[in-house]
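Reviewing the structure listed below.
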2 protein chains.
Amino acid sequence: MLRETRKKALKEQIFVQALQLFQEKGFEQVTVQEIASACGIAKGTFFNYFTKKEEILLYLGESQLEVLNKGMEEYQDVPEPKEQLKLVLTDLLQRYTSNGELMKLSIVEVIKSAYLFENESKSIRRLQQSLASLIDRARRNGKLNSRWDTDVIVSTVLGVYLQTMMSWSLPHNQHSRIGDMFERYLDVIWEGIAQR
Amino acid sequence: MLRETRKKALKEQIFVQALQLFQEKGFEQVTVQEIASACGIAKGTFFNYFTKKEEILLYLGESQLEVLNKGMEEYQDVPEPKEQLKLVLTDLLQRYTSNGELMKLSIVEVIKSAYLFENESKSIRRLQQSLASLIDRARRNGKLNSRWDTDVIVSTVLGVYLQTMMSWSLPHNQHSRIGDMFERYLDVIWEGIAQR
DNA sequence: ATCCATAAGCGACCTTGGTCATAATTTGAC
DNA sequence: GTCAAATTATGACCAAGGTCGCTTATGGAT
C-alpha cells in the first residue's frame, strides 16, 4: 500500500529534520513551524504525525531502545551473565550519550512517558523482558545462583542503569567514561554493598 | 525587613493556592491566570516568584527533600546502617507518594532540574551528602564493612531509590506498598545479586 | 514631610503549541 | 474514466505561557 509507505517516509523525514534542527539550535529554540517548513509541509500536518513537539524526543528514545532490542542476541553467547549485562547496557548507554545534549531531553521524555502515563512504553517493557530472559537463561545454565526473583534483579539493574545515565549527565561527572561508571555500579549490586 | 517577609509569604501563598488547584483540576488544566486570580495578583506577578509554571512542581519536590534533610538526625541512633537507610528513604518515599498524582509530576521536574540543567539542585546534593555521612559514620562505628567507595554506595542506593519511585508509579505496580518495594531492592544491593 | 532609588505589581502584548473545519488527494469499485 | 468514501494536508484560529515597559508601593536618607 502506497499510502502506508509514504506516511512512514514522511514521518521519518519530519523526525530527521527535527533532530537536525534540535541539534543546531536546541529543542526550545526550534518551532514546529520551522520543522514543518523544513519538510515542505504545513504546521498542521506535523501534528498528524506527532501529537506533540516532545513526541519527537520520545520517538528518539524509543527508537534507540528498539535498536538495542533488535541487536540483543548479539550478546547471546557471552558466557557470564554479569558480563552480558554490562555489554548490553553499556551499548545502550553509549548510544544514548553519543547524541549529546539532546539525549538528555530524550531520556526525560522516555521516563516521563514510561512512568507517568499509562502510555505503556513498549520498548522499555521489551527491554525488561529481554533482561529477564537473559537472567533466566543464566540461571538455567548454572551461571547464576541468586536468591532473588528475576524481575527484582532486573529492576535493580535498571535502577543503577538509570542512575548511571543521570549522574553522568551531571556537569561535573562528565570526566569518567559512562561505561566505567555503570560497570562500577554493576559490581556493587552484584557483589553486594556489605562485605561478604 | 518587612519586604522580605512579605515576599516569602506571597510566594508561599502562590505555592499553596497553585497546589490546591492542581490537586482539584490537574496540572495542565490550571492556568497561570487562575492561580494569580486565586491569589489576588496579576499574571505578571506570578512570574516574579516562579519563572515557569512548572517551577511550582520543582519547588514542591525540593521542599519535600528539604523536610527530609531537616529531619534526618531523627534517624541518627538507629544502630544498623541498612535499617537507617531504609527508614530515611522510606520516609521520603512515603512523603512523595502521599500526594498522589501530583507527586509524579513533581518527581519528573526534580529529575529534570537535577540532571538536565546545571541548575545544581541543592536539595539532592544535600541528600547525597547526608547519606554519605550516614555511611561513613557506620563505617567508623564498625557497623559496615564494604570495599566500595562511599559515594559509589550512595549512588547505588539512590539508583534503586529512583527505580522504586518509578516502578511504583507504574499503574499495575500500585498494589504493593512502596516501602516494601524499596526494602526488597535494598536487600538485593546490600547482599548482592550473586549468591555468596 | 519630602524626595529618591529600588523593588514589586501590573496587564497589554507577543509567541507558539495545538485544534479544527475545510480543501485537496488518494483509493477502490464500477 | 468516473465517482464516492476515506484519508491526509492545510492554515486561520485559539489559548495560554511568558515578556516587558510602565506604574505603583516601599524604605531609607535628608
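By convention in this document, chain letters (A, B, ...) are assigned in the order of the sequence lines, proteins followed by strands, and residues within each chain are numbered from 1. Everything numeric here is computed off the predicted structure, so don't read it as measured data.
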Query raised in the report: Under the 6.0 Å and 45° cation-pi test, does Lys53(B) pair with Phe27(B)?
Result: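 Checked: cation-pi criterion met.
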Query raised in the report: Taking the six-membered ring of Phe50(B), is the NZ or CZ of Lys11(B) close enough (under 6.0 Å from the centre) and on axis enough (within 45°)?
Result: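 Because its charged atom sits under 6.0 Å from the ring centre and within 45° of the axis, Lys11(B) does stack over Phe50(B).
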**Report entry** Steps toward salt bridge (charged side-chain N to carboxylate O under 4.0 Å, His left out) verdict (Asp91(B), Arg95(B))
**Finding:** CA-CA 6 Å; Asp91(B) 181 333; Arg95(B) 212 182 296 287; 2.6 Å; yes
Requested in this report: Using a cut-off of strictly less than 4.0 Å between a heavy atom of the residue and any atom of DNA chain C, enumerate the qualifying residues of residues 10-36 of chain A by number.
Outcome: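 DNA chain C contact set from residues 10-36 of chain A: Val30(A), Thr31(A), Val32(A).
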Report task. Go through residues 44-53 of chain B and report each residue with a non-hydrogen atom lying under 4.0 Å from DNA chain C, sorted by number. Result ->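 Nucleic-acid contacts, sorted: Gly44(B), Thr45(B), Asn48(B), Tyr49(B).
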**Report entry** Nearest-Å distance for atom pair NZ/P, residues Lys43(A) and dG18(C)
**Finding:**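 Checked: the NZ to P distance equals 10 Å.
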Query raised in the report: For the pair made of CD1 in Ile56(B) and P in dG17(D), what is the distance, rounded to whole Å?
Result: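 After rounding, the gap between these two atoms is 12 Å.
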Query - Test applied, side chain to side chain contact (heavy atoms under 4.5 Å, CB included); reference residue, Leu89(A); option that passes from Thr164(A), Val160(A), Val157(A), Leu186(A) - result: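 Among Thr164(A), Val160(A), Val157(A), Leu186(A), the one meeting side chain to side chain contact (heavy atoms under 4.5 Å, CB included) with Leu89(A) is Val157(A).
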Indicate whether the side chain of [X] and that of [Y] have a donor and an acceptor atom separated by less than 3.5 Å.
X         : Y         : value
Thr90(A)  : Gln94(A)  : no
Arg184(B) : Ser155(A) : no
Gln84(B)  : Glu80(B)  : no

Tabulate atom names and distances for all N/O pairs under 3.5 angstrom spanning the protein and nucleotides 22-24 of chain D.
none

Requested in this report: Could you tell me whether the phosphate oxygens of dT25(C), OP1 or OP2, come under 4.0 Å of any side-chain nitrogen or oxygen in Arg6(A)?
Outcome: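 So the side-chain polar atoms of Arg6(A) never come under 4.0 Å of the phosphate oxygens OP1 or OP2 of dT25(C).
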Report task. Check salt bridge (charged side-chain N to carboxylate O under 4.0 Å, His left out) between Glu12(B) and all other residues, then give those that pass, not counting sequence neighbours. Result ->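 Here no residue qualifies.
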Report task. List for me each residue that meets ring-ring contact (aromatic ring centres under 6.0 Å, His included) alongside Tyr49(B), sequence neighbours excluded, and say none if there are none. Result ->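 None.
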**Report entry** Contacts of Phe47(A) that satisfy ring-ring contact (aromatic ring centres under 6.0 Å, His included) - sequence neighbours left out
**Finding:**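 By the ring-ring contact (aromatic ring centres under 6.0 Å, His included) rule, Phe47(A) matches no residue at all.
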Query - Closest listed nucleotide, where the reference is the side chain of Glu54(A) and the choices are dA8(C), dG11(D), dG18(C) - result: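 Side chain of Glu54(A) sits closest to dG18(C).
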